[in-house]
Amino acid sequence: MKVVIVGGVAGGASAAARLRRLDEHAEIIIFERGEYISYANCGLPYYIGGEITNKKSLTLQTPQSFKNRFNIDVRTFNEVIGINREAKTVLVKNVKTGEEFEESYDKLILSPGADPIRPPLPGIDNERIFTLRNIPDTYKIKDFIDNNFPLSAVVVGGGYIGVEMAENLRNAGLMVTIIEMQDHLIAPLDYDMACDVHHYVQKNNMSLMLKTKVEGFEALENSICVNTDKGPVVADMVIMSVGVRPDSKLAAAAGLEVNKRGSIVVNDHMLTSDENIYAVGDAIEITNFVTKEKGFTPLAGPANKQGRIAAANICGMDETYKGTQGSAVLKILDMTVATTGINETVAQAAGIPYEKVYTFGGGHAGYYPGAGNIRVKLIFNSENGKVLGAQVVGFEGIDKRCDVIATAIRAGMTVSDLAELELCYAPPFSSAKDPVNMAGFMAENIMDGLVKQYHWHDVPSIPKDKVTFLDVRTVAENEKGTIEGAIHIPVDELRLSIPMVDKSKPVFLICQSGLRSYVAARMLEQYGYDCYNLAGGYGLYSSVTTDLVFDERPVHPCGIVIE
């Protein structure tokens, strides 16, 4: 059997390695149009920021190492430019010499990846504008910083790569401005969870321009002007990070089925519309594990799994890809952001009945020093309690909490199952009631009818003359801010002060995180009151409703004030 693989990195390289493990005698050829066959794509920003200092660390495998360990023929600087499906051959061009030749195959795997989007804006070809996809892009950006000593950078796009680049440019000593067309950073987050990120980014001296559209670029003598619908921004360099599109030109030209977005259509065996051609990685259409709808989710983890599955099926096994749930984690200085499953926007679009709860607390026991806060948003089916998605933002143990919930989603678990999970506990690592358990407890209470909620976005529409807003926090907390018109009775004094609360009106309770107000709600409900608890508490409400501050004279990390 002869297998030709187009493209390396996560999908193609994984497929090749497993093919060899399953079939020692197969002839395996990888064609890669660039210089590098297998590299740490997700690590590229950290080389620019100086966290990774050794260039060689970015290269995971070389053609020679693949040959030595797996006896795989890796041909770099060879671009596949055509597929003859009837003859079962590919047309290959040596990008150095221009020579073209044909190579036959029994099975073909396409792993071309995705290309950064460069919108056709005026001035987009300026030499100070960069994108980041591969190692050559990385070296180009790093060399520009090392040789030109820029003081400032604009990152256009606030997705994963954009935010990682902003962090690493700041670490490299640049003043950074992030420009994002939508109302929040990191699209898999809902707006309310992104607000914590916004405030943290600004607190750490990165400028943030949301709901801002870039209209073009103008070259200046030693800098570049980014023209936006909110005015110009001048910087020494620009990183374009507005998303990626599937690199499916080869597949489409060969007549393989692609969808409207351009993604290659595959079945759950990773097989395209041709019985001898498989496709994996960022170029393919995926099925959302939760909604079962088709989509596009370019992530390294799914690409690796898809490569393994394609290889297994070529070797006669019967393995299926069961869908992508979008589990991802992001570092922003000391903050961590993690997501899995679906967010509210996706749930609404899919017509799924859902509810949400928020927890806020320490990453480990409060009495053990150094606990960092964690905010968890759990989304679940309001009819059957099935876990649909989670967003976790904070400073300690974020990834492990999100991983637990990701596993729960994959296993089809409910919020009651989360409440029952027995998770590791010791004071330096967690609390006896882990944040994941707490999210399960809260959601279970809603499913059981023990508490009713209202949300931060409900507050403006609640008629304040027809309800009682009751803040049950401490005096010190209340003095720092509360919902307009709220009366104040600390929860520990409430039982003796119940007659002060008007029984004829619904009571909308407020505390900092939602826990003490839940205690108050349970108390008042049993005295005949109609109570609603503020989901996420005043902490979330304040984060969402506090306006961002746009500094007109940002300060460079070195202390230079940029006029």
Side-chain angles (χ1 to χ4, degrees), residues 9 39-49 51 58 113-121 123-145 150 152-172 174-189 194 197-198 201-202 204 206-217 224-230 233 235-247 261 282 296-300 326 328-333 335 337 339:
V9 197
Y39 56 89
N41 209 338
C42 298
L44 301 182
Y46 301 99
Y47 176 72
I48 293 168
E51 193 75 19
L58 299 175
D115 289 324
I117 295 172
R118 287 181 71 95
L121 297 171
I124 189 67
D125 294 325
N126 189 290
E127 63 182 7
R128 292 176 177 268
I129 300 176
F130 304 87
T131 57
L132 180 65
R133 183 199 184 204
N134 51 36
I135 288 182
D137 292 342
T138 306
Y139 292 164
K140 189 176 179 182
I141 295 169
K142 186 70 162 63
D143 289 345
F144 180 86
I145 293 172
S152 58
V154 165
V155 176
V156 182
Y160 287 110
I161 296 298
V163 172
E164 287 177 345
M165 279 303 304
E167 174 197 17
N168 282 283
L169 289 169
R170 179 191 177 279
N171 289 343
L174 281 73
M175 185 199 75
V176 179
T177 298
I178 306 173
I179 301 177
E180 167 57 48
M181 188 165 62
Q182 303 302 320
D183 64 357
H184 69 282
L185 298 177
I186 312 169
L189 289 179
V197 180
H198 300 163
V201 163
Q202 287 207 318
N204 283 276
M206 286 186 276
S207 296
L208 182 59
M209 299 175 67
L210 300 173
K211 294 188 286 188
T212 303
K213 182 180 179 181
V214 172
E215 299 177 332
F217 307 91
I224 184 169
C225 180
V226 183
N227 292 316
T228 79
D229 59 355
K230 292 183 179 177
V233 180
D236 296 327
M237 63 184 297
V238 173
I239 305 292
M240 292 297 298
S241 184
V242 294
V244 296
R245 60 168 60 94
D247 184 358
R261 185 177 189 137
D282 294 352
F296 176 65
T297 307
L299 291 170
V329 65
L330 171 70
K331 173 183 174 295
I332 313 170
L333 302 177
M335 176 178 270
V337 177
T339 63

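Numbers here are sequence positions counted from 1.
Contact of the Met237 side chain with the Leu174 side chain is registered, since non-hydrogen atoms from C-beta on lie closer than 4.5 Å. Taking the side chain as every heavy atom from C-beta outward, Val197 and Val163 never approach each other to under 4.5 Å. Looking only at side-chain heavy atoms (C-beta outward), Tyr46 and Glu164 come within less than 4.5 Å of each other. Between Phe130 and Val238, the closest side-chain pair of non-hydrogen atoms is not below 4.5 Å. At a threshold of 4.5 Å between non-hydrogen side-chain atoms, the residues Asn204 and Met335 do not count as touching. In this structure the side chain of Leu44 never reaches within 4.5 angstrom of the side chain of Asp137, judged on heavy atoms. Two residues are said to be in side-chain contact when any heavy atoms from C-beta on lie closer than 4.5 Å; Pro150 and Ile145 meet this criterion. Between Asp282 and Val244 the shortest side-chain heavy-atom distance does not fall below 4.5 Å.
Distance check: Thr131 OG1 to Lys140 NZ gives 7.5 Å after rounding to the nearest 0.5 Å. Going from atom CD1 of Ile124 over to atom CZ of Arg118 covers 5.0 Å, rounded to the nearest 0.5 Å.
Using a 30° and 60° split on the angle between ring planes, Tyr47 and Tyr139 fall in the perpendicular class, above 60°.
Looking only at distances, no side-chain donor or acceptor of Thr177 sits under 3.5 Å from a matching main-chain atom of Val154. Put simply, the side chain of Arg170 never gets that close to the backbone of Val176: no donor and acceptor are under 3.5 Å apart. Lys230 contributes a side-chain N or O that, together with a main-chain N or O of Leu210, makes up a donor-acceptor pair within less than 3.5 Å. A distance-only check finds no donor-acceptor pair linking the side chain of Gln182 to the backbone of His184 [under 3.5 Å]. The closest donor-acceptor contact from the side chain of Asp183 to the backbone of Lys211 lies at 3.5 Å or more, if one exists at all. Panel note: side chain Glu167, backbone Leu333; a donor-acceptor pair is recorded below 3.5 Å. In this structure, the side chain of Asn168 does not engage the main chain of Ile48 through any donor-acceptor pair within 3.5 Å.
The neighbour count for Glu215 CD, taken as heavy atoms of other residues, nucleotides or ligands under 6.0 Å away, is above 12.
Contact check on Asp115 versus Arg133 returns a salt bridge, with a Lys/Arg side-chain nitrogen under 4.0 Å from an Asp/Glu carboxylate oxygen.
Between Pro246 and Arg261, the closest heavy-atom pair is CG-O, 3.9 Å. Counting all heavy atoms, side chain and backbone alike, Leu169 lies closest to Ala153 at CD1-CB, 3.9 Å. Smallest separation of non-hydrogen atoms from Gly159 and Glu180: N-OE1, 4.4 Å.
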Please walk me through it: do Phe217 and Asn227 pass side chain to side chain contact (heavy atoms under 4.5 Å, CB included)?
CA-CA 6 Å; Phe217 307 91; Asn227 292 316; over 6 Å; no

